[in-house]
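What follows is a single structure, written as structure tokens, with notes after it.
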Number of protein chains: 2
Amino acid sequence: MEKEANKTSFVNFGRDERYSKFFIKILSGSYIVQTTIFIVFSNYRRSNYMKVAIAKIVQDIHLLPVDVLEDVLEHFQHMELPKNYFLLKSGKPCKHLWFMTKGAARYFYTNDQGKEMNTWFSLDTQIITDTTSFVKQEPAQESIQLMEDSEVYCIGYTSLQALLQKHHSFALWYIKLVEVHYVSQIEDRISDLQFLDAKQRYLKILDQYPDITNRVSLGNIASYLNITQETLSRIRAGKL
Amino acid sequence: MEKEANKTSFVNFGRDERYSKFFIKILSGSYIVQTTIFIVFSNYRRSNYMKVAIAKIVQDIHLLPVDVLEDVLEHFQHMELPKNYFLLKSGKPCKHLWFMTKGAARYFYTNDQGKEMNTWFSLDTQIITDTTSFVKQEPAQESIQLMEDSEVYCIGYTSLQALLQKHHSFALWYIKLVEVHYVSQIEDRISDLQFLDAKQRYLKILDQYPDITNRVSLGNIASYLNITQETLSRIRAGKL
DNA sequence: GTCATTTTTTGATGTATGTCAAATCACTTT
DNA sequence: AAAGTGATTTGACATACATCAAAAAATGAC
């Protein structure tokens with residue numbers, strides 16, 4: 001399958017021309033070549049707006065004192081990224097924690113047959129990281145790729161570690177983040193795998209994200225549900 | 001099913017007669033009535049030995065300064081508990097974090113058909129808690145029961161919270177505990193459920209615990225593996 | 001040692017899902 | 001509008017495991 005095109009996606013901030021344009025070219029086959037995009041706050045009013053957005057997200061997890069919050073926010077970067085962009089590629093350690101405020105992402109690994117198997121989807125507002133890789137900084141087993149143009153706030157592992165060492169209240173914040181956002185999500189996932197059959201898992205994800213079939217291909221949904229595309233089609237047709 | 005017997009299990013410490021004996025009576029049916037057992041250190045040499053044991057466990061997770069370690073150890077309790085003892089019953093919040101140094105425990109819930117389904121086993125040295133219930137102090141969905149006479153060190157939720165608030169280094173310790181012991185274990189569990197078939201899951205648990213079939217009934221092992229007892233028998237017989 | 005109970009195994013059949021191939025539908029390119 | 005390509009559905013058959021019942025083995029009480 002060959003697809004060759006120039007496709008551009010603009011990431012545009014304020015009036016600083018140095019950062020106003022990037023090209024991401026989709027080459028033959030499935031390969032996607034991309035650059036890492038670093039965004040700096042060049043427009044005062046815009047950067048203020050963004051800081052308020054991430055401040056609210058941070059404070060909703062666990063209240064930080066104002067001086068700690070300001071220090072923390074200094075370590076976050078804001079990014080607007082195009083569809084198909086890779087936040088993480090397998091084989092590399094996961095060096096960031098992302099807070100997505102808009103968009104969609106998928107986590108996947110490639111199985112022995114070369115087939116991409118999705119393990120998780122993040123839609124709209126969600127925290128994104130490969131926890132296993134992140135906490136030990138070991139090479140990841142899976143990749144994380146955007147499925148839509150997305151907006152994220154990002155903090156690096158080294159920044160996070162520095163903040164943990166520096167602020168007791170930030171350590172408590174991080175504990176709350178892990179307990180509330182990670183534990184709940186993953187225990188829920190285990191319950192699904194253990195107790196629900198294929199149809200029930202499909203109905204549950206439709207319940208949680210009614211428009212998911214407009215945003216994620218059926219093949220990707222099937223692999224996330226741990227079933228084949230054929231089985232998903234039969235479930236959708238009421239034949240199972 | 002009716003079973004009525006007096007069955008005693010001794011929990012004996014030093015020479016303080018006030019704490020030297022407890023009776024746990026098994027009444028009709030499956031019901032087990034029990035008391036909560038609090039052990040105090042009555043024998044100086046013995047309590048010193050125990051303190052060294054739990055200190056090593058704690059420090060292996062993440063080194064604490066000596067003054068913090070001493071404070072932390074004050075909050076741990078040591079218990080020797082009999083087989084069948086319930087650390088947690090479903091419907092109640094999980095108020096403790098246990099460090100088991102010897103013994104075996106199982107986590108289970110009861111399904112709609114009244115059948116006990118095991119979700120986890122902890123053997124020998126392992127950290128025991130129902131994380132979902134513990135972090136939010138909500139009623140647990142499952143129970144935790146000892147399958148052998150066991151020895152545990154226990155810290156309460158309120159003690160842990162107080163220590164987290166009091167010591168920055170303890171908060172970092174707890175982060176390490178969750179990251180290393182919880183994340184690794186649960187991600188591994190998810191991988192098993194997603195990628196391994198029944199036989200592979202059985203072979204894996206045999207590999208990890210070669211003597212598990214001597215310590216846990218085959219019915220319990222089967223439910224942990226998410227298969228029926230009949231299927232496990234066929235796997236063991238090489239018919240699958 | 002005997003008997004009762006529980007645990008485990010075995011046999012026959014059913015169900016949920018996978019595999020392979022082909023057909024159909026939807027989208028993109030020309 | 002037509003052709004090409006990719007995504008999805010459908011049909012036929014295979015596999016892994018469940019269900020139900022019965023038999024066998026193991027364990028515990030007396």
Side-chain angles (χ1 to χ4, degrees), chain A residues 1-7 26 28-32 83-84 106 108 111-118 147 192-204 206 212-240, chain B residues 1-8 26-30 83-84 106 108 111-118 147-148 192-206 212-240:
Chain A
M1 187 260 304
E2 188 166 329
K3 185 179 187 183
E4 185 148 0
N6 283 331
K7 184 175 182 181
I26 297 174
S28 292
S30 307
Y31 296 98
I32 301 176
K83 177 176 177 175
N84 295 326
R106 70 182 181 122
F108 68 95
N111 71 9
D112 293 334
Q113 288 75 44
K115 190 174 181 1
E116 290 182 355
M117 307 298 293
N118 293 276
M147 299 185 291
D192 287 356
L193 288 169
Q194 275 190 296
F195 309 138
L196 302 182
D197 65 19
K199 181 174 178 176
Q200 290 172 313
R201 295 202 294 277
Y202 175 61
L203 294 178
K204 180 175 175 179
L206 279 190
I212 193 172
T213 54
N214 298 332
R215 302 175 71 184
V216 183
S217 72
L218 291 173
N220 279 344
I221 292 174
S223 71
Y224 166 73
L225 296 173
N226 249 43
I227 56 177
T228 63
Q229 188 156 13
E230 294 91 335
T231 298
L232 180 55
S233 289
R234 297 190 224 281
I235 290 172
R236 282 163 58 79
K239 289 170 178 168
L240 287 183
Chain B
M1 186 265 297
E2 186 168 331
K3 184 180 189 183
E4 185 150 359
N6 283 334
K7 185 176 185 182
T8 61
I26 298 176
L27 302 180
S28 292
S30 306
K83 178 177 179 175
N84 295 327
R106 69 183 182 121
F108 68 95
N111 73 7
D112 293 335
Q113 288 76 43
K115 190 174 182 357
E116 290 182 353
M117 307 299 290
N118 293 275
M147 300 184 290
E148 295 174 355
D192 289 355
L193 289 169
Q194 274 189 299
F195 310 137
L196 302 181
D197 65 19
K199 182 174 177 176
Q200 289 171 314
R201 296 201 294 276
Y202 176 59
L203 294 177
K204 180 175 176 180
I205 201 173
L206 279 188
I212 193 172
T213 55
N214 298 331
R215 301 175 71 184
V216 183
S217 72
L218 291 172
N220 279 344
I221 293 174
S223 70
Y224 166 74
L225 296 173
N226 251 43
I227 57 177
T228 62
Q229 189 155 12
E230 295 91 333
T231 297
L232 181 56
S233 290
R234 297 189 225 281
I235 291 172
R236 282 164 58 80
K239 289 169 177 167
L240 286 185

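Residue numbers begin at 1 in each chain, while the letters A, B, ... track the order of the sequences. Bear in mind that the values here come from a model prediction, so they are computed numbers and not experimental data. Reckoned from all heavy atoms, side chains included, excluding hydrogens, waters and symmetry mates.
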> A/Q194 CD to D/dA18 P: how many Å, rounded?
Replying inline: 13 Å
> What residues form a side-chain hydrogen bond (donor to acceptor under 3.5 Å, both in side chains) with A/E116, not counting sequence neighbours?
Replying inline: A/R106
> Within the distance-only criterion (no hydrogens, no angle test), does the side chain of B/N226 pair as donor or acceptor with the backbone N or O of A/Q194 below 3.5 angstrom?
Replying inline: yes
> With sequence neighbours excluded, what pairs up with A/K204 under the side-chain hydrogen bond (donor to acceptor under 3.5 Å, both in side chains) test?
Replying inline: A/D188, A/D192
Listed pairs under 3.5 Å, donor-acceptor, residues 232-240 of chain A side chains, sequence neighbours left out:
unit_1, atom_1, unit_2, atom_2, d
A/S233, OG, A/Q229, O, 3.3
A/R236, NH1, A/Y202, OH, 3.1

>> Can you tell me how far apart OG (A/S217) and CD1 (A/I212) are? Round to the nearest 0.5 Å.
In response: 10.0 Å
> Using rotation axes that map the C1' atoms of four end pairs onto the next four (five pairs an end), what angle separates the end axes of the helix from C/dG1-D/dC30 to C/dT30-D/dA1, to 10°?
Replying inline: 40°
> So do B/R215 and B/M147 actually touch side chain to side chain, heavy atoms under 4.5 Å?
Replying inline: no
> For A/L225 and A/R201, which heavy atoms make the closest approach, and how far apart are they?
Replying inline: O-NH2, 2.6 Å
> Does B/Y224 have any ring pair (Phe, Tyr, Trp, His ring centres under 6.0 Å) partners at least two apart in sequence or in another chain, and if so, which?
Replying inline: B/F121
> When every nucleotide of nucleotides 7-20 of chain C is labelled 5' to 3' by its protein contacts under 4.0 Å (heavy atoms), B for base, S for sugar-phosphate only, - for none, what sequence of letters results?
Replying inline: SBBBBB----BSBB
